[in-house]
Amino acid sequence: MSFCCPLCCHSSLQVTEEVREHLKTPIFDNWQWEEAEMLVLLQVMYTDLDFMTAFHIELDVLQNFLFEVYCHYNNIPFHNFKHCFCVTQMMYGLIWLTDLRNKLSRIDLLIMLTSALCHDLDHPGYNNVYQINAQTDLALRYNDISPLENHHCAVAFGILSKPECNILKNLTCDQYKHIRGGMIKCILATDMARHNEILNKFKVMQPVFDFTNKDHKEVLMKIMVKVSDISNEARPMAVAEPWLDCLLQEFFNQSDSEKLKGLPVTPFMDRDKVSKPSSQTNFIRFVLLPLFTELTKLFPCPRSLDKGSNREQWLNELQKYEDALNSGVFRKSEEKGSQNKCSICPCSKIISLEFRLINLEISMSTDVCTLKI
């Protein structure tokens, strides 16, 4: 299967029902698909959520838009088009698996899916701290305030400003204003410097959450985009681990540049101090688990699942893992050239279990993973 440039190819592409259903799950394996196929699957997401009819989106315009988005992701280790696809696919899966189609308006679903799609457009591979310390053009342009996220938004609406790519061109002025404002809020929320601020807001409103409350919905939409953005460790180990390798490579590239330019070196990116297992411990315990736990409270499982003991078991394994780190076990391994090996605790399995407590009951055959268009 090939995906021609949408500007000159508008052929109808068929996707099997098995693939459509598998696309709705968090166990979807992006490594089984080529980027051209991912473009087709993104088209499926917009079609199956009925965005085409609801917002009068023409097929060729959607294809042009998706292709322009693809072209505006850079060839860097982590924040590339494949990451964009994974985040969008997780958002798509969450929309179905938490039944948000019956809880939020279709226009809000469009905001979340398109925000996920555009959330890292033209990412240079160096984070906000680097931008600010190096006084880059982005940092100067956005006055050191979320320079990357502001840039991603600007690029997204630059693409939408092209008539042939403007999937919003048939909306009313009020609808466009609502979508633009929502996308800006959701994409800016992916700045990890704002993580605690947004999570704490969600914690406060979660016990009295009201899907008819505008402020509540806005915070939930931010949370959903954030969860999708950092959800790699919620996927099966075979999917998650290669992404960690990609992330560490991008981190190391940044720290190398920081050293070369005499900038402050970001500690968790320093290849001389960070190993694969050590890089994940605090992230899982202090970022992913709290975020997923709060989401679990809002979307309880409809059927009783006896997962509590398993959760405790994996948390105990994580504690053993941390104890091993503190005792120097991994430092000894590093001396043997095995700094990226972890035989004690597969971190992604811990968070994968936690994620499955968020009303994500999946009964898909493992054979589906190998299905193609």
Side-chain angles (χ1 to χ4, degrees), residues 26 87 90-105 108-109 111-113 115-116 119 127-128 145-146 149 181-235 268 280-305 307-316 318-319 322 347-348 350-361:
V87 174
M90 184 61 75
M91 173 58 71
Y92 178 70
L94 286 172
I95 287 172
W96 286 94
L97 293 164
T98 58
D99 198 30
L100 282 179
R101 293 173 302 125
N102 294 316
K103 295 180 173 70
L104 296 179
S105 67
D108 286 337
L109 300 183
I111 288 171
M112 291 193 299
L113 194 75
S115 295
H119 82 286
N127 71 5
N128 280 331
I145 301 173
S146 302
E149 291 72 23
M183 283 182 59
I184 291 172
K185 290 174 184 176
C186 284
I187 294 176
L188 291 183
T190 62
D191 183 353
M192 288 304 294
R194 299 185 58 205
H195 178 77
N196 288 334
E197 168 206 337
I198 296 170
L199 180 58
N200 288 336
K201 281 186 180 179
F202 188 60
K203 284 181 178 179
V204 170
M205 63 180 56
Q206 189 276 133
V208 293
F209 193 90
D210 181 359
F211 279 97
T212 65
N213 184 302
K214 179 176 178 290
D215 293 335
H216 288 197
K217 286 193 297 181
E218 281 188 359
V219 174
L220 174 62
M221 291 165 68
K222 294 175 183 178
I223 289 289
M224 298 301 286
V225 174
K226 285 174 59 59
V227 166
S228 301
D229 187 22
I230 60 175
S231 63
N232 278 334
E233 295 298 343
R235 297 180 186 272
F268 64 85
Q280 290 300 280
T281 310
N282 288 339
F283 181 73
I284 290 173
R285 181 179 285 277
F286 297 114
V287 179
L288 264 69
L289 285 179
L291 188 58
F292 285 13
T293 298
E294 290 305 315
L295 201 59
T296 304
K297 295 175 184 176
L298 185 60
F299 297 109
C301 186
R303 292 197 294 267
S304 176
L305 291 177
K307 296 282 189 178
S309 58
N310 288 337
R311 178 180 182 277
E312 292 303 318
Q313 174 184 343
W314 281 111
L315 290 178
N316 287 337
L318 177 58
Q319 186 59 57
E322 290 177 325
C347 303
S348 63
I350 301 169
I351 190 60
S352 181
L353 176 66
E354 187 73 12
F355 192 67
R356 283 160 177 72
L357 301 180
I358 312 174
N359 183 22
L360 304 183
E361 290 189 81

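Bear in mind that the values here come from a model prediction, so they are computed numbers and not experimental data.
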Between atom [atom1] of [X] and atom [atom2] of [Y], what is the distance when rounded to the nearest 0.5 Å?
X: Phe283; Y: Leu288; atom1: CZ; atom2: CG; result: 4.5 Å
X: Ile284; Y: Ile230; atom1: CD1; atom2: CD1; result: 11.0 Å
X: Ile198; Y: Leu291; atom1: CD1; atom2: CG; result: 10.0 Å
X: Trp96; Y: Arg101; atom1: CH2; atom2: CZ; result: 4.0 Å
X: Ile223; Y: Met112; atom1: CD1; atom2: CE; result: 12.0 Å
X: Leu295; Y: Met224; atom1: CG; atom2: CE; result: 5.5 Å

Counting only heavy atoms not in Lys217 (residues, nucleotides, ligands), do more than 12 fall under 6.0 Å from its NZ?
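Enclosed.
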
Donor-acceptor contacts, no H, no angles, side chain residues 185-195, under 3.5 Å, sequence neighbours left out:
| unit_1 | atom_1 | unit_2 | atom_2 | d |
| --- | --- | --- | --- | --- |
| Lys185 | NZ | Glu218 | OE1 | 3.4 |
| Lys185 | NZ | Glu218 | OE2 | 2.8 |
| Thr190 | OG1 | Ile187 | O | 2.6 |
| Asp191 | OD1 | Ala193 | N | 3.0 |
| Asp191 | OD2 | Ser146 | OG | 2.6 |
| Arg194 | NE | Glu197 | OE1 | 3.3 |
| Arg194 | NH2 | Glu197 | OE2 | 3.1 |
| His195 | ND1 | Lys226 | NZ | 3.0 |

Looking only at heavy atoms, which two atoms of [X] and [Y] are closest? And how far apart?
X: Phe299; Y: Leu100; answer: CZ-CD2, 3.7 Å
X: Met90; Y: Ser231; answer: CG-OG, 3.3 Å
X: Met91; Y: Ala116; answer: CB-CB, 4.1 Å
X: Gly182; Y: Ile111; answer: C-CG2, 3.5 Å
X: Gln206; Y: Leu298; answer: OE1-N, 3.7 Å
X: Lys103; Y: Thr98; answer: NZ-O, 3.4 Å

Could you pull out all residues at least two apart from [X] that satisfy side chain to side chain donor-acceptor pair (under 3.5 Å)?
X: Asp229; value: His83, His119
X: Asn200; value: none
X: Asp108; value: Ser105, His178
X: Asp215; value: none

So, using ring pair (Phe, Tyr, Trp, His ring centres under 6.0 Å) as the criterion, who are the partners of Phe268 when residues are at least two apart?
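Residues passing ring pair (Phe, Tyr, Trp, His ring centres under 6.0 Å) with Phe268: Phe251.
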
Sequence neighbours excluded, which residues qualify as ring pair (Phe, Tyr, Trp, His ring centres under 6.0 Å) partners of His216?
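Testing His216 for ring pair (Phe, Tyr, Trp, His ring centres under 6.0 Å), a comparison that skips the adjacent residues, returns Phe209.
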
Taking only residues two or more places apart in sequence, or in another chain, which ones meet Lys297 in a salt bridge (charged side-chain N to carboxylate O under 4.0 Å, His left out)?
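Per chain and number, Lys297 pairs via salt bridge (charged side-chain N to carboxylate O under 4.0 Å, His left out) with Glu294.
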
Pair Met205, Leu220 - check side chain to side chain contact (heavy atoms under 4.5 Å, CB included), show working.
CA-CA 10 Å; Met205 63 180 56; Leu220 174 62; over 6 Å; no

